[in-house]
Each structure stands twice: as C-alpha cells, then as structure tokens.
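Beneath this line is the structure, given in structure tokens, with notes to follow.
In listed order, ligands and their atoms are each counted from 1. Everything numeric in this text was worked out from a predicted model, so none of it was measured. Values below: every heavy atom of this structure, side chains too, minus hydrogens, waters and symmetry copies.
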Amino acid sequence: MNTPDLSIVVPAYNEEHVLPSFVERIRDVLEKIGVSWEIVFANDGSRDSTAALLLQFHLTDPRIGFVSLSRNFGKEIALTAGLDHARGSAVVVIDADLQDPPELISEMMARFNEGFDVVYARRAKRVGETALKRVTASAFYRVINVLADRPIPRDVGDFRLLSRRALDALLQLREQHRFMKGLFSWVGFRQTEIVYTRAPRAAGSTKWNYWRLWNFSIEGITSFSIRPLQIASYFGFFVAILSVVYGSIFVFRTIVYGNPVAGYPSLLTIMLFLGGVQLISLGIIGEYIGRIFNETKNRPLYIVAERMISDTAP
Ligand code: UDP
Ligand code: MG
C-alpha cells in the first residue's frame, strides 16, 4: 500500500449535517495542492448517520478512510485514534465543522516544505463567539502560561500540520489525560504559526459548554504543571506564619492589659478560613491523585469498533 504525501485527520462526533460539504470542500483544496492524499475520519461514537456517511465516502473514494470508536471517547482521544491510523509523510488535523478553513492547508504545506515540523494555525479573530467566551479564553491562556512548564501558544486550536517525525514523537505519548495543545508543544521540533480568521460553525452545534470548558482548563493545567500543589503548600506556610504573628499579639495583649475573655467572632472567622484553605488544598491534591489513578489503570486509549483503511494507490 502506498504511503500518501499528506493525511488529513478529522475527528467527527454527530456531524452528519456538515460532513458532505466538508468532504466536498477539502477535496477541492487537496486536488489543487496536487500531492497524493488520504482523509482519515475518527468517528467518535456518533449516534446520528455519521458512520453511514463515512462508509459511503469510502466506497465512492477509497482515499477516504475512517476508524469508528466503540463509543464517544472525547475529541482528544478520537484525534489520537485518527492520528494512529494516518500514514502520510505529513499530517493535518482539522475539525469537521468547517471552522478551520481547509484552504489554509496549502499554506501549511508550503511551510512544511520549507522545513518546519509543526505548523499551527492561530486565530486572529473569533467570529460568532460571545464576549464572555473571548474573555474566558484569554484568561485561560494567561493562567496556563504562568503555570505550565512548556509555553502553550494562545488562540491556537488543534488545526495544524505535523511532519512524520513530529507525529511519531507525539504518538509515543500515551497518557489518558490528553491535553493536545500541550502535547503538541511538548514534542518540540521546528514550529511556526500562520494566522487566520476562524469562521463560525457551518452547521450542527458545538459540543462545548462552560462546564466542559472549565474541566478542559483544569485538565490542561493539571496535565502540564504541578505548580498548584506548590501553591497550596506555600499558602499553608504563609497562613502558618500569619497565625504565629496573630498569636504573639494575643500573648502580648494578655500580659500588658490582662485577659478580658473575648474573641468569639475572630475565632469563628479563623476556623472557617483555615477549614476552607484545607479543603481547597485537599481538592487540589485530589485532582492530581485522580489523574494518577486513571493513568495507573493503563487502559488502552480507545476501542475500535470498525475501520476502513484508505487506499491511495493510483
Ligand atoms: N468532536 C469529537 N468528539 C467529541 C466532541 C467533538 O470528535 O466528543 C469533534 C467534532 O466532531 C468536531 C471537533 O471535534 O470535528 C470540534 O468539535 P466542536 O466543533 O464541537 O468544538 P469547538 O469547535 O467548539 O471547539
Ligand atoms: Mg467547532
């Protein structure tokens, strides 16, 4: 079986409304670039007719393959499943919803041919996103870049090109908690960016809500930094010093002015404060222990239900 020059990896979860136009548009782009290509869809346990559509695509164009997971595993893992099956010398990761313009792929290929291993697309403007989403996104990047050991480029999604060696490096990272932006950054090599304007979703609806985004942020931070644990211990240290100072003031006051037993409110305040600090610290530790627990189970990342490998032979 020939290895294609370029593999396009597309995670898809309930994307029946957008897939036909996606395939049409990306095929146009790929034909214009003029390299041999394959498309690998990762069907993330879709419950609509996505699976049937993918089979249809494969039968009409064997360069389109897919891997169907046994259930919904989440975008990060679906993406990994797709990448595991990609055979190209370069791989582009793109969303199925046409928010990432496929036209950018030719520019990515140009950068790849200049010798870059990772070409990521940075969003210049976010069309169709609320002000709240923009503010929270910006806060997220600020926090994670203070905490994480590796820089995470801001406003960069998963839309990017990877060379074969960068992909092989990435695929060695088999952790369960997959914060892809961080993993992409971790592998290193020569990385560069191109800037584009992110379009609103073409059809269908986003699977993100604020609760999921919040959990995603915690995932990013805990996967790439143990700083929160250190912050907890420094904070404990700080509170301990404070209590010594406070205690000394009491001893001093009792010696100088006698002891008019008072201080019930201050006692209560301090108790509640310390209780809160302890619970927060325990919670932070818990976040990490939960992740250790998940990693030690050593389960496979995903289960394949069905796959159709693309065939790029002329
Ligand atoms: N996706 C997936 N599994 C999921 C959720 C999403 O494979 O559990 C895919 C989805 O089909 C799309 C991409 O991931 O191709 C991005 O999803 P979405 O558009 O919902 O996210 P957003 O663009 O809002 O970040
Ligand atoms: Mg989207």
Side-chain angles (χ1 to χ4, degrees), residues 7-23 25-26 39-54 57 64-86 91-102 104-105 120-123 125-130 132-134 136-138 140-141 152-160 176-184 196-217 219-220 301-307:
S7 296
I8 309 292
V9 170
V10 194
Y13 177 50
N14 295 344
E15 298 286 8
E16 62 180 2
H17 296 297
V18 71
L19 278 182
S21 48
F22 172 80
V23 167
R25 203 163 135 198
I26 199 155
I39 302 178
V40 182
F41 283 99
N43 173 19
D44 191 12
S46 302
R47 274 170 309 225
D48 62 358
S49 63
T50 296
L53 274 174
L54 293 180
F57 294 148
I64 301 178
F66 65 87
V67 41
S68 278
L69 305 185
S70 59
R71 62 171 171 86
N72 181 249
F73 280 86
K75 180 184 177 185
E76 273 68 35
I77 291 191
L79 199 59
T80 309
L83 290 171
D84 279 335
H85 288 82
V91 174
V92 168
V93 172
I94 188 169
D95 284 355
D97 59 9
L98 290 172
Q99 278 190 289
D100 310 323
L104 235 59
I105 294 173
Y120 51 81
R122 189 165 64 79
R123 307 192 269 266
K125 253 189 278 155
R126 294 169 167 241
V127 185
E129 283 187 358
T130 60
L132 182 61
K133 176 95 184 266
R134 277 199 296 269
T136 47
S138 155
F140 166 69
Y141 285 112
I152 312 282
R154 61 169 300 143
D155 291 341
V156 168
D158 294 330
F159 184 29
R160 67 184 68 212
Q176 300 282 338
H177 290 271
R178 306 184 71 74
F179 182 66
M180 293 309 279
K181 291 181 226 262
L183 300 182
F184 284 134
Y196 76 113
T197 307
R198 188 163 164 91
R201 237 177 188 281
S205 60
T206 179
K207 284 95 201 168
W208 291 99
N209 53 40
Y210 278 98
W211 178 241
R212 270 186 96 160
L213 282 172
W214 167 254
N215 282 319
F216 181 70
S217 311
E219 189 81 342
L301 285 176
Y302 54 85
I303 302 293
V304 174
E306 193 185 6
R307 75 186 111 205

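Looking at D97, its N, O or S atom nearest to the Mg ion (ligand 2) turns out to be OD2.
Stacking of R25 on the aromatic ring of F22 is not recorded, the 6.0 Å distance cut-off and the 45° axial limit not both being met.
Distances below 4.0 Å separate heavy atoms of A96 from the following atoms of ligand 1: 15 (O). Each of the atoms 13 (C), 15 (O), 16 (C), 23 (O) of ligand 1 lies under 4.0 Å from some heavy atom of D95.
If you look at N72 next to ligand 1, the close heavy atoms, those under 4.0 Å, all belong to the side chain.
By the salt bridge (Lys or Arg N to Asp or Glu O under 4.0 Å) test, E16 is found to be paired with no residue, residues two or more places apart in sequence or in another chain being considered. Applying the side chain to side chain donor-acceptor pair (under 3.5 Å) criterion to D84, with sequence neighbours excluded, gives R174, Y302.
Of the possible donor and acceptor atoms, none in the side chain of T50 sits under 3.5 Å from a partner among the backbone N and O of S46. Side chain of N72 to backbone of G45: no donor-acceptor contact under 3.5 angstrom is found.
In terms of N/O distances under 3.5 Å, ligand 1 is not approached by A42. Ligand 1 has no N or O atom lying under 3.5 Å from any N or O atom of A78, backbone or side chain.
In this structure, of E76, Q99, K75, E15, the residue bringing a heavy atom nearest to atom 14 (O) of ligand 1 is K75. Taking each of L213, V10, D44 in turn, the one with a heavy atom nearest to atom 4 (C) of ligand 1 proves to be D44.
Ion pair K75/D95 flagged as a salt bridge, since at least one NZ, NE, NH1 or NH2 atom sits closer than 4.0 Å to an Asp/Glu carboxylate oxygen.
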